[in-house]
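Take a look at the structure set out below.
Note on naming: letters A, B, ... go to the chains in the order of the sequence lines (proteins, then strands), and numbering restarts at 1 for each one. Basis for what follows: all heavy atoms, side chains included, without hydrogens, waters or symmetry-related copies.
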There are 2 protein chains.
Amino acid sequence: MLTKDEIIATMSAQGLRITDQRKTLATLFSENEGYLSPKDVYEYMGKKYSGLSFDTVYRNLRVMQDLGVLEQVSFEDGMKFKVSCNEHHHHHHMICLSCQKTLPISFCPMQMTDPTDQFQIVEHKFEIFGYCKDCQQKNGHTESKSDGGFRQTSSHTHSHGGY
Amino acid sequence: MLTKDEIIATMSAQGLRITDQRKTLATLFSENEGYLSPKDVYEYMGKKYSGLSFDTVYRNLRVMQDLGVLEQVSFEDGMKFKVSCNEHHHHHHMICLSCQKTLPISFCPMQMTDPTDQFQIVEHKFEIFGYCKDCQQKNGHTESKSDGGFRQTSSHTHSHGGY
DNA sequence: ATTCATGCAAATTGTTTGCATGCAA
DNA sequence: TTGCATGCAAACAATTTGCATGAAT
């Protein structure tokens, strides 16, 4: 993941001004491995900046995502942001359903071309959801399938069959 | 995919009333393999029902998704709905970036357990995006990576490397 | 006849935009 | 000092809710 300094350096290199808010944003995202909603960010920042406005949060999130220091992902309950990986090789993610931490995995199932040849493949998505070591211990998530946590999209989420 | 009659039968079996609008919804989704936004549905239905209101569309989409006859997926540009697959085995999807048609694929990359053993795996998502045969011919989508079509989430969408 | 579905209006929430002021460079 | 960043207000879009009426059972 990008560090705070890498984030700031990138923004500065692109001609953006390094305001105090943006420093705080860089810190927040570099120290938090999970996904954050605009509201999460607003509430966190609001503790430090009394007159904070939502539109500035949105603007900065947008700017940082355009710059590539943040990644934007749409979840069922809206858009969320996380700091970009700086790994330059192709990789996928394991996402914790409890703390939303994401771990990169280098395994990619997409080595083959489409066996049916029906499709011109452009891109793919492969994500694993579960509970990370920390959250397994903290919350005793040993039952699995507890529906409490959020989850990305509902596509074929209904459990037909094992994994 | 579920047929119109299967959709209606399911709704009826659950005690829902089969109104004319709901019949039309069943027809619309059973005859359309792609994802539809609430607005898409509203506009289509509006042609037939002059006084149609948006909230009824939302209510029916919600009801049908709760019943399991529709699947709801969050895209970058909002929620979309498609008729459920009635295939009961575990499977994944290839989604056309042009017409949004979805084809089931039986290949599942998730046969192995987590090699790093860091994660208690609960579920996973594997989706392939591209252009189906029809759209390749119609639109000459041979270049690939044209950014015109919609695309689900932006997670590791930035193209670093091949597949 | 009962109960649920619908339309209407309004409320809520999420997000964007225009403009004047303030601050980083 | 100059232009971008911010706060404020307002616009806009997506979605939900309360209530009275109408239709399916």
Side-chain angles (χ1 to χ4, degrees), chain A residues 7-28 35-67 69-70 72-81 150 153-154, chain B residues 7-28 35-67 69-70 72-81 150 153-154:
Chain A
I7 295 173
I8 292 176
T10 304
M11 297 179 76
S12 181
Q14 294 301 317
L16 293 186
R17 299 193 171 159
I18 306 308
T19 64
D20 203 62
Q21 278 196 37
R22 284 176 175 171
K23 281 184 207 156
T24 305
L25 279 171
T27 304
L28 170 61
Y35 284 92
L36 298 174
S37 67
K39 193 157 94 172
D40 293 335
V41 175
Y42 177 73
E43 281 165 2
Y44 176 92
M45 301 276 293
K47 284 188 251 169
K48 188 164 180 182
Y49 307 93
S50 55
L52 183 69
S53 61
F54 233 120
D55 43 80
T56 306
V57 170
Y58 274 109
R59 269 187 287 240
N60 278 327
L61 289 176
R62 169 95 69 101
V63 162
M64 293 171 80
Q65 115 99 16
D66 286 345
L67 235 71
V69 299
L70 293 187
Q72 180 182 1
V73 177
S74 94
F75 287 88
E76 286 192 338
D77 53 345
M79 290 297 181
K80 305 210 172 179
F81 298 81
F150 84 101
T153 81
S154 62
Chain B
I7 294 174
I8 292 177
T10 303
M11 297 179 75
S12 182
Q14 295 301 318
L16 294 186
R17 297 189 174 162
I18 307 308
T19 65
D20 203 62
Q21 278 196 38
R22 285 176 175 171
K23 281 184 208 156
T24 305
L25 280 170
T27 304
L28 170 60
Y35 284 93
L36 298 174
S37 68
K39 193 156 95 171
D40 293 336
V41 175
Y42 177 74
E43 282 164 2
Y44 176 91
M45 302 275 293
K47 285 186 250 166
K48 188 163 178 183
Y49 307 93
S50 56
L52 183 69
S53 61
F54 233 122
D55 44 80
T56 306
V57 170
Y58 274 110
R59 269 188 287 242
N60 278 327
L61 290 176
R62 170 95 70 101
V63 161
M64 292 170 80
Q65 115 101 15
D66 287 345
L67 234 73
V69 299
L70 293 187
Q72 180 182 0
V73 176
S74 94
F75 287 87
E76 286 193 338
D77 56 344
M79 291 297 181
K80 305 210 174 179
F81 298 81
F150 83 101
T153 81
S154 61

Working note: Thr24(A) + Tyr44(A), criterion side chain to side chain contact (heavy atoms under 4.5 Å, CB included); need CA distance, chi angles, decisive distance, verdict. CA-CA 10 Å; Thr24(A) 305; Tyr44(A) 176 92; 4.1 Å; yes
Looking only at heavy atoms, the pair that brings Pro38(A) and Phe54(A) closest together is O-CE2, 3.9 Å
Value for CD1 (Ile8(A)) from CZ (Arg22(A)), rounded to nearest 0.5 Å, stands at 11.5 Å
Residues in contact with DNA chain C, drawn from residues 41-62 of chain A - heavy-atom cutoff 4.0 Å: Asp55(A), Tyr58(A), Arg59(A), Arg62(A)
Okay, side chain of Asp66(B), backbone of Val63(B): is any donor-acceptor separation there less than 3.5 Å? no
Between CG on residue Leu70(B) and OH on residue Tyr35(B), distance to nearest 0.5 Å: 11.0 Å
The first and last nucleotides of DNA chain D lying within contact of chain A, meaning any atom under 4.0 Å from one of its heavy atoms, run from dG3(D) to dA9(D)
How many Å lie between CD1 on Ile8(A) and P on dA25(C), as a whole number? 11 Å
If you define the side chain from C-beta out and look only at heavy atoms, does anything of Met79(B) sit under 4.5 Å from Leu61(B)? no
Measure the angle between the two terminal helix axes of the helix from dA1(C)-dT25(D) to dA25(C)-dT1(D), five base pairs each, and quote it to 10°. 40°
Quick one: list whatever passes ring-ring contact (aromatic ring centres under 6.0 Å, His included) with Tyr49(A), sequence neighbours left out. none
For the residue pair Thr56(A) and Met45(A), establish whether any side-chain heavy-atom pair is separated by less than 4.5 Å. no
If I compare all heavy atoms of Leu67(A) with all of Met11(A), which pair ends up nearest, and what's the gap? CD2-CA, 3.5 Å
Under the salt bridge (Lys or Arg N to Asp or Glu O under 4.0 Å) rule, collect the residues that match up with Arg17(A), sequence neighbours excluded. none
Give the minimum heavy-atom separation between Gln21(B) and Leu52(B), together with the two atoms involved. OE1-CD1, 3.4 Å
Are Arg59(A) and Asp55(A) within salt-bridge range, i.e. N to O under 4.0 Å? yes
Expected output is a numbered-order residue list: members of residues 12-27 of chain A with a heavy atom under 4.0 Å from any atom of DNA chain C. What is it? Arg17(A), Ile18(A)
